[in-house]
Amino acid sequence: TTPVEEVDPQEQRELEGRAAGLKVANTAHATRAIQECREACGGAGYMAENRLTALKADTDVFTTFEGDNHVLTQLVAKELLTAYADEVRGMSPVEWMKFAAVTVSDIVKKRTAAQQILQTLVDTRKDNEEDGSLFDRGTQMTMFEDREQYLLSTAARRLQAASNREENLFDAFNFVQDHVLHAARAHIDRVVLEAFVAGIESCPDAEARELLSDLCDLYALSVIDEDKAWYMEHRQLSVERAKAVLRGINERCRTLRPHVPALVEGLGVPEHLLGSAMLDATDAGRLG
Ligand SMILES: Cc1cc2nc3c(=O)[nH]c(=O)nc-3n(C[C@H](O)[C@H](O)[C@H](O)COP(=O)(O)OP(=O)(O)OC[C@H]3O[C@@H](n4cnc5c(N)ncnc54)[C@H](O)[C@@H]3O)c2cc1C
């Protein structure tokens with residue numbers, strides 16, 4: 001008989017959370033990327049012969065089936081918030097409430113204060129380092145981690161306050177839902193960034209590593225740019241630095257553009273899917 005493999009329930013939950021998060025990230029990205037391409041190609045992008053509409057029709061529903069993206073994002077958040085509760089396993093509910101009321105708010109206050117001071121020092125520097133540090137992977141990772149940590153701990157506190165205030169726990173959860181989903185998205189962004197960094201580390205080709213590093217900058221800066229309002233509201237990004245994020249994105253787009261054929265090649269798209277009709281009419285075989 002085959003021995004039954006022991007499954008660690010915690011690891012299993014982590015794996016489910018990771019799979020849910022990556023499903024959301026990949027399907028949302030595919031839908032957005034195809035729409036971007038369609039619009040970039042104008043009317044030609046809408047022509048069936050150029051295949052973007054078929055791709056769009058095929059992939060759009062992935063955001064809904066195999067688990068709706070909102071519901072899966074909730075699952076990621078619930079997993080993360082449960083991990084919080086696991087830390088205080090063994091405490092009575094009253095002890096837990098006391099712990100959360102004191103410790104969680106302390107952690108947030110400490111981090112926020114330190115973050116503000118450090119960030120203000122960095123932001124008010126007059127040298128060119130300001131833009132440069134946005135390309136520093138450590139800085140990018142810290143910005144991702146701090147956002148996630150802050151969103152999670154404040155979501156935990158708001159959930160707790162809402163569950164004390166609202167009679168119905170469903171209403172209590174809905175009251176904080178936008179915040180909870182934001183925390184989960186911040187977590188997914190970090191998982192993707194960490195995977196990207198690990199991927200670059202394991203790449204044996206120096207030239208490819210450099211290219212991937214630029215692409216990773218583009219990813220990190222785009223995520224920061226999309227949540228710029230949050231970073232600025234929480235004093236983690238000054239106005240000057242926020243402008244530098246956009247400059248950084250534009251610079252990276254410029255440096256990466258000549259390497260687009262290599263990047264497309266790297267994705268391993270089958271030959272027969274490359275070189276659509278509109279490319280034949282204009283600049284034949286450029287990507288093929
Ligand atoms: C082409 C296609 C093929 C499919 N194939 C299969 C299949 O082979 N097998 C199978 O079992 N199922 C299949 N499904 C069903 C699919 O899994 C469901 O459509 C999906 O789970 C979403 O459920 P729903 O359609 O009932 O939408 P709903 O759950 O009603 O969702 C509608 C909206 O409400 C939101 N929403 C729902 N619940 C919550 C919540 N708790 N909190 C916040 N917002 C919420 C959603 O985000 C969404 O925006 C298929 C669906 C499609 C479209």
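Order of appearance sets the numbers: ligands from 1, and atoms from 1 within every ligand. Keep in mind that the numbers below use all heavy atoms, side chains included, and drop hydrogens, waters and symmetry copies.
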For [atom], what's the nearest protein heavy-atom neighbour? Residue, atom name and distance, please.
atom                    : result
atom 5 (N) of ligand 1  : Phe65 CD2, 4.2 Å
atom 39 (C) of ligand 1 : Val71 CG2, 3.7 Å
atom 40 (C) of ligand 1 : Gln74 NE2, 3.8 Å
atom 53 (C) of ligand 1 : Val61 CG2, 3.4 Å
atom 49 (O) of ligand 1 : His70 ND1, 4.0 Å

So, for [atom], does the protein have a heavy atom nearer than 4.0 Å?
atom                    : value
atom 3 (C) of ligand 1  : yes
atom 33 (C) of ligand 1 : no
atom 20 (C) of ligand 1 : yes

message: For atom 18 (C) of ligand 1, tell me which residue out of Thr64, Leu181, Thr73 has the closest non-hydrogen atom.
response: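 The option holding the nearest heavy atom is Thr64.
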message: Measuring only between side-chain heavy atoms, which start at C-beta, is Val223 closer than 4.5 Å to Arg147?
response: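 A side-chain contact under 4.5 Å exists here.
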task: For Asp68, take its heavy atoms, then give the atoms of ligand 1 lying under 4.0 Å from any of them.
output: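 Checking each atom against Asp68, I get 46 (C), 47 (O), 48 (C).
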field: Numbered atoms and elements of ligand 1 in range of Gln177, under 4.0 angstrom, heavy atoms
entry: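 Those qualifying, in numeric order: 42 (N), 43 (C).
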- prompt: Does any N or O in the side chain of Tyr219 come within less than 3.5 Å of the main-chain N or O of Phe196, such that one atom is a donor and the other an acceptor?
  reply: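 Not confirmed, Tyr219 side chain does not pair with Phe196 backbone.
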